[in-house]
Amino acid sequence: PPELSKRKPRELSGGQQKRVSIARAIGVDPALMILDEAISGLDVILRKEILELLSEFQKETDCSFLLITHDIDVALFMADTIFVMKDGSLIERVHYDGNTECFKHEYSRRLLYK
């Protein structure tokens, strides 16, 4: 809403702050966006809307995303290359094409079937 433009960041909810940050990043037509837990803490409907917006933006531009998330479903929706880390170490790198059989490490498989 237009009245939000007058508010300071601390006067916005966490979800509003995340949406403003994403909108600002998209607005400068970046070649690379680093999204660190960009949708965590948002309700399911808003998460879906933002992921679809980011996906559409990526299709329309040459922007690449480095998406950092604890939510494997977000990675499966957004990524074609997924790096799985455990305890600060890289344990698996997969090229994801929609088939989860590409995940071979036991830890990765547990993430998929929680």
Side-chain angles (χ1 to χ4, degrees):
E3 62 272 10
L4 291 181
S5 67
K6 304 279 189 251
R7 292 189 187 173
K8 299 197 180 308
R10 69 177 180 274
E11 297 172 326
L12 300 175
S13 71
Q16 290 170 328
Q17 290 175 6
K18 286 184 183 223
R19 287 178 282 181
V20 167
S21 295
I22 291 169
R24 290 179 68 194
I26 287 173
V28 296
D29 195 25
L32 171 68
M33 285 179 60
I34 299 173
L35 301 155
D36 188 357
E37 298 292 353
I39 62 164
S40 66
L42 301 178
D43 65 66
V44 175
I45 294 170
L46 187 54
R47 288 168 57 104
K48 184 176 186 283
E49 289 176 1
I50 289 175
L51 288 176
E52 288 173 349
L53 170 78
L54 289 169
S55 181
E56 190 63 32
F57 176 75
Q58 192 173 39
K59 288 176 187 169
E60 292 175 1
T61 67
D62 288 330
C63 184
S64 295
F65 294 155
L66 172 59
L67 176 66
I68 302 163
T69 184
H70 286 90
D71 187 337
I72 191 70
D73 292 327
V74 170
L76 296 174
F77 181 79
M78 292 295 293
D80 53 16
T81 302
I82 298 174
F83 295 84
V84 180
M85 296 183 72
K86 182 176 188 265
D87 300 325
S89 297
L90 178 65
I91 60 167
E92 185 167 32
R93 175 187 179 189
V94 298
H95 295 284
Y96 180 66
D97 63 1
N99 183 351
T100 57
E101 294 301 314
C102 60
F103 292 90
K104 303 298 182 199
H105 195 280
E106 177 186 336
Y107 178 76
S108 300
R109 307 236 11 111
R110 281 193 311 224
L111 289 174
L112 293 169
Y113 302 112
K114 273 188 168 178

Rounded to the nearest 0.5 Å, how far apart are [atom1] of [X] and [atom2] of [Y]?
X     : Y     : atom1 : atom2 : answer
Asp71 : Phe77 : CG    : CZ    : 12.0 Å
Leu67 : Asp36 : CG    : CG    : 9.0 Å
Ile68 : Leu35 : CD1   : CG    : 8.5 Å
Phe65 : Leu32 : CZ    : CG    : 9.5 Å

Atom of Leu111, atom of Ile72 and distance for their closest heavy-atom approach: O-CG2, 3.5 Å
Shortest non-hydrogen separation from Lys18 to Ile39 and the atoms involved: NZ-C, 4.2 Å
Would you tabulate the side-chain donor-acceptor contacts of residues 91-98 under 3.5 Å, counting partners in other chains and residues two or more places apart, or write 'none'?
{"residue": "Glu92", "atom": "OE1", "partner": "His105", "partner atom": "N", "Å": "3.3"}
{"residue": "Glu92", "atom": "OE1", "partner": "Ser108", "partner atom": "OG", "Å": "2.5"}
{"residue": "Glu92", "atom": "OE2", "partner": "Lys104", "partner atom": "N", "Å": "2.6"}
{"residue": "Glu92", "atom": "OE2", "partner": "His105", "partner atom": "N", "Å": "3.3"}
{"residue": "His95", "atom": "ND1", "partner": "Thr81", "partner atom": "OG1", "Å": "3.3"}
{"residue": "Asp97", "atom": "OD1", "partner": "Asn99", "partner atom": "N", "Å": "3.2"}

Pairwise side-chain contact, Leu76 with Phe103, heavy-atom cut-off 4.5 Å (strictly under): yes
Within one Ile-Leu-Val-Met-Phe-Trp-Tyr cluster: Met85 and Tyr107, side-chain cutoff 4.5 Å: no
Same apolar cluster: Met33 and Met78, side chain cutoff 4.5 Å: yes
Compile the donor-acceptor pairs under 3.5 Å between side chains in residues 48-61 and protein atoms, sequence neighbours left out, one pair per line.
{"residue": "Lys48", "atom": "NZ", "partner": "Glu52", "partner atom": "OE2", "Å": "2.6"}
{"residue": "Thr61", "atom": "OG1", "partner": "Phe57", "partner atom": "O", "Å": "2.9"}
{"residue": "Thr61", "atom": "OG1", "partner": "Cys63", "partner atom": "N", "Å": "3.2"}

For residues 6-15, please give each side-chain donor-acceptor pair under 3.5 Å, one per line with the distance, not counting sequence neighbours.
{"residue": "Glu11", "atom": "OE1", "partner": "Lys8", "partner atom": "N", "Å": "2.8"}
{"residue": "Ser13", "atom": "OG", "partner": "Gln16", "partner atom": "N", "Å": "3.1"}
{"residue": "Ser13", "atom": "OG", "partner": "Gln16", "partner atom": "OE1", "Å": "3.4"}

